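Only one structure is covered here, and it is reproduced in the block below.
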Amino acid sequence: MDRQQQRIAEDLSSLIAGDVRCDPVSLSIYSSDASLYQLPPLCVAYPRDREDMIAIARYASEMHIPIIPRGAGTGLVGDAIGTGIVIDCSRFMTGFELLNDNLILVQPGVVHARLNRYLKPLGLYFPPDPSNTEVTTVGSMLAIDAAGSRAIRVGSTRDHVNRIEVVLADGTCFDVGNESLSILNQPVAGSSTSLLSEPSPEVRGEQARRTILSKMSKLLTDNAQLIQEKQRTGIPNCSGYFLKGIKSRDHLNLARMLVGSEGTLGLFTSAILHVSPLPAHRGVALLLFGDLSSAIKAVQTITHEQPSACDLLDRRLLSLARDADPRFASLISPAAEAALLVEQVGFSDAQVQQRLHNVTLAVKNINSRVVVAMETHQPDEVDFLWSLPQKVVPSLSRLPGESRPQPFVEDIAVPPERLNEFSQKAQKVFQRHEVTATFYAHAASGQIHLRPFLPALTEQNAPILESIARDLYQTVFSVNGTISGEHGDGLARTAFLRSQYGDLYRVFREVKDIFDPSNLLNPGKIINDDPHVTIRNLRPVPEKFPELIDLQLGWTPQELQNEASRCNGCGSCRRQDDGSRMCPVFRIEPVEEASPRAKANLFRGLLSGAIHPNELSSQDTKRLADTCVNCKQCVLDCPSSVNIPQMAIEAKAAYVSANGLDHTDWILSRAHSFGALGSTLSMAANWAINNSTARWVMEKMMGIHRHRKLPLFSRRSFLRSVPRKLTKRPRPGSDPDLVIFFVDYYANYHDPELAHALLAILQHNQIPVYIPPLQLASGMAMVSAGDLIAARSLAKENIQILSEFAREGHRIVCTEPAAAICLKQEYPMLVPGEDSEVIASQVLEAGEYLWERRESGRLRTDFGRLAMELDYHTPCHIKALSSRSALKELLALIPELQVNTIEKGCSGMAGTYGLARETFETSKQIGQELIDHMKITNVHAGATECSSCKMQMEQESAIPTIHPIKLLALSYGLMPELERSLQPQKKKLVVS
């Protein structure tokens, strides 16, 4: 932190109630968004309320420091990055209040989807529908006039705004809507004629509002003809400032004008928005075409049927959809070159069905070869079809090859009737530049999202961006289109505004001068004199890497750079909806440093030299890395499948290498080392676990929270009690069905009964088993803590034991999902080489192994009845290992056993994370819905494969949670004593 940043941090911290960050790590993760650009800020501020926003603006004005407002940081044009004070409203300013059936008051940081989830039970919604609705903030929607697929019916954000409260660059605050110009002739209430008295903030705000009204009224009147000629309406258009139609004879709608201004005219502290009744019924049809041109031509026919949405997808997107979901693979023929997703709404299902029928009939009348892949009015199926563009478009970055789809000309809008003409001209532009591009469009409203495929952009090849954009935009202008329909101008498009508007650009500059004469609000966006701003400040692509960075996992700096660069900043990892498990820590603490993409931004900064290598082992990096609990869910849900968890492990390892493990982490990551002692002294250990005084001592000495309900130790570990014949090493080349049982810590020391249950099942199915007697714990706790030297030592010993069997093709089976994850994913990075890779290829979680036998017809299904009801929770690591919960599916084969799936997200335990004093409460907060469910459920027992999840499920409940393997063994009639596991727990730890 330099002196200026240190001064800003100190000054702002004393002025606002919110938080301030100026450390290099925080600045790095705010230096980019989802665009091609990177600009490190001086400081990041998290205001709590309007007063904080005013204080920040006043301070910035006094110090002449730019201000850059930011929502979720998912913009594609670089509109939320800059070299001043970044204001992130998404952390604290997330409130809203329904005023009546038509209006709602919102703060800028509230997420659009969260707002609509609140409104849905009331039969209402805020209609604009940006594709990233689960992440996008309302403030961002106001900043860029967001629209979406249904803009043809509901319009854009501007059409739903009643009033906006705005803070100017000097800290003056007032609210505006459709203002009467008659007030300009009236005195300001409360103003004083005395020159000595200081006007109140309210009076200053009113004076500023009237001054702006007066100047804007004159400017609009003087340039009325120019505005009428140059500013295109009739299509979505957020290029420049919106001036057309905002002034009538006696009113001026400043709120409509401010929408789409990208934070360059004022900071929005709140807004009053119009809400609408939810459509009573919806239906969707998916139409497939043999070529793109035919699909585009069909749009005109469909538009006459007044659809609520009509999206067009090209061949690449359809191919991604087939790969992403087997349901799409069965719906979409590989021969399809384009598709239209058409939605109709109505007052009844019958009306919707008739409107969809009219659409398909009209299209078939002009193109008999069109295929109706699916037509539905069922809500679940409608949502499924809309997941096609919502999930597939962000996953473009998954496509193989060195060239990537680059978002710099991806927001064009043209009159819908000229869509086909434009697409043909655009294709010629791309051919001339020898590039290909994806084509996705909200076709009914003429919005087109094009992404040309280009290699990583450097100073040498960056001019191709300008060249392609210049040629393509000339084509846009030739069909009376706009260069930005709904994503804003930012750094990507500002340089081309003069080409689109000509003399009107001078008026835009005067608007900027009226609102922000010192050019402090998001400078360089919309108004900029640099003709080459499009290729300034591109994300750096390092050609060499800092020598001081010593990586501890099995990747080179180049491989790590490649992995980090695959994160395009789309912000999907900031999702908080119930249907996603994406990052459980971010869900309960939605700050940017907790988002998975922050880890990718950290390493991009380190490897490019933007951050000094010493920062990798700093406390700030540790704070960021500790927000990852290695649940692996971000890898599953990330459109690009970026390996964020191992980046976090790398960061933790750097800190541990330089500073060592703290006391609690050292103890908890070595719990397996104390297992033998705990079993040997089980009576004393179990007494201590159940004694409140001993628990208090354990918290002070070991860092284990005294209220965490812990598993008891077994009197004899599994590996000490297993029959010797199963630990006798088999001859090489023995029975090919031989299974190697990797026991891991929990089943060995706390629940040998589980291990014996799996043995009984395998023997019942005549599957030979070998249990390596010298196997060690997997070391997952050490990996997650960043203690890679110790973890590597364990891994090497286990690899030496297991590799020979893996080479012979023997399956390595684990009852603990975390152990399977560790062997499959962590070992190859800890100990790179053929041995760890072959082991990884042979490891299976026990349920997946048994299901594999079931599918091949080699699993006995002579299950006895179990007349009971269970609630099953899917562990995160089971999701990371497979697309199915194999043991849950096997439980469905047991007669009279009713299994309910609990959809409550991550349990929050994350191994030792939920044990530690410092993270116990956070762990409980993450898993609170699951904990609460287990407290009130009336089933016989819970069920889950994960020992950590079991602990959380039993934390505040007397209902036991049992491993599904035990239920299978019990149903087979193999271990009647397992019925004890289903008895209510006698002792319930009281948690205050």
Side-chain angles (χ1 to χ4, degrees), residues 16-19 45-54 69-74 80 87-148 150 154-167 173-178 255-256 258-261 263 266-279 571 574-580 586-592:
I16 69 173
D19 294 341
Y46 307 90
R48 287 187 179 272
D49 49 32
R50 171 209 301 156
E51 284 66 34
D52 277 2
M53 296 273 274
I54 292 171
R70 177 182 174 114
T74 59
I87 298 180
D88 183 351
C89 293
S90 70
R91 183 171 183 179
F92 297 123
M93 297 185 68
T94 59
F96 51 84
E97 177 187 359
L98 189 66
L99 303 178
N100 54 49
D101 288 346
N102 299 310
L103 297 173
I104 190 166
L105 174 68
V106 303
Q107 290 185 309
V110 64
V111 172
H112 178 246
R114 176 174 170 242
L115 180 67
N116 274 344
R117 278 194 287 273
Y118 165 78
L119 291 170
K120 186 175 180 179
L122 305 174
L124 302 170
Y125 78 131
F126 182 53
D129 64 326
S131 60
N132 215 357
T133 177
E134 290 293 348
V135 173
T136 299
T137 63
V138 173
S140 298
M141 295 174 67
L142 293 167
I144 63 172
D145 189 27
R150 298 175 180 86
V154 302
S156 64
T157 302
R158 176 178 290 119
D159 301 312
H160 303 270
V161 172
N162 182 275
R163 299 192 70 81
I164 297 176
E165 185 177 71
V166 61
V167 175
C173 180
F174 54 87
D175 77 302
V176 292
N178 191 17
R256 282 180 66 83
L258 285 170
V259 174
S261 60
L267 307 172
F268 302 157
T269 60
S270 66
I272 298 177
L273 309 174
H274 293 283
V275 294
S276 302
L278 274 167
R574 291 174 59 101
R575 294 182 62 163
Q576 300 176 61
D577 57 303
D578 293 337
S580 169
F586 181 84
R587 289 168 70 89
I588 56 100
E589 190 180 0
V591 295
E592 182 63 26

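Computed from a predicted structure; not experimentally measured. Below, all heavy atoms of this structure are taken into account, side chains as well, without hydrogens, waters or symmetry copies.
- What you find for Val154 and His160 is that their closest heavy atoms are O-NE2, 2.6 Å.
- Using a 4.5 Å cut-off on side-chain heavy atoms (C-beta onward), Cys89 and Met53 make contact.
- By the 4.5 Å heavy-atom criterion applied to side chains, Pro130 and Met141 are counted as neighbours.
- Scanning all heavy atoms of the two residues, the minimum distance from Val111 to Gln576 falls at CG2-NE2, 4.3 Å.
- Applying the salt bridge (charged side-chain N to carboxylate O under 4.0 Å, His left out) test between Arg91 and each of Asp49, Asp52, Asp19 identifies Asp19 as the sole match.
- Side-chain contact between Val138 and Phe268 is absent, with no heavy-atom pair separated by less than 4.5 Å.
- Interatomic distance, CG of Leu258 versus CZ of Arg163, reported as 11.5 Å (0.5 Å rounding).
- Side chains of Thr74 and Arg574: no donor on one and acceptor on the other come within 3.5 Å.
- The only option from Ile104, Thr133, Val275 that meets the side-chain contact (heavy atoms from CB on, under 4.5 Å) definition with Leu115 turns out to be Ile104.
- Here the side chains of Arg256 and Asp159 are in contact, with some heavy-atom distance below 4.5 Å.
- Under the 3.5 Å distance criterion, the side-chain polar atoms of Arg575 are left unmatched by any main-chain donor or acceptor of Arg587.
- Under the 3.5 Å distance criterion, the side-chain polar atoms of Glu97 are left unmatched by any main-chain donor or acceptor of Leu105.
- The only option from Gln107, Arg50, Glu165, Glu51 that meets the side chain to side chain donor-acceptor pair (under 3.5 Å) definition with Thr269 turns out to be Glu165.
- The two atoms that bring Pro277 and Tyr125 nearest to each other are O-CE2, 3.3 Å, heavy atoms only.
- Closest approach of Asp145 to Ser156, counting heavy atoms only: OD1-OG, 2.9 Å.
- One N or O on the side chain of Arg114 and one on the backbone of Thr94 form a donor-acceptor pair closer than 3.5 Å.
- In this structure, CZ on Arg70 lies 9.5 Å from OG on Ser140, to the nearest 0.5 angstrom.
- Residues Ile16 and Pro47 form no side-chain contact, since every pair of their non-hydrogen atoms from C-beta on lies 4.5 Å or further apart.
- Contact annotation: the side chain of Leu273 approaches that of Leu142 to within less than 4.5 Å [non-hydrogen atoms, C-beta and beyond].
- Under the 3.5 Å distance criterion, the side-chain polar atoms of His112 are matched with a main-chain donor or acceptor of Pro128.
- Minimum heavy-atom separation, Phe126 to Leu119: N-CD1, 3.8 Å.
- Closest non-hydrogen pair, Gly571 versus Val135, comes out as O-CG2, 3.1 Å.
- With contacts defined as side-chain heavy-atom distances shorter than 4.5 Å, the pair Glu134/Arg117 qualifies.
- In this structure, CD1 on Ile272 lies 12.5 Å from CG on Asn102, to the nearest 0.5 angstrom.
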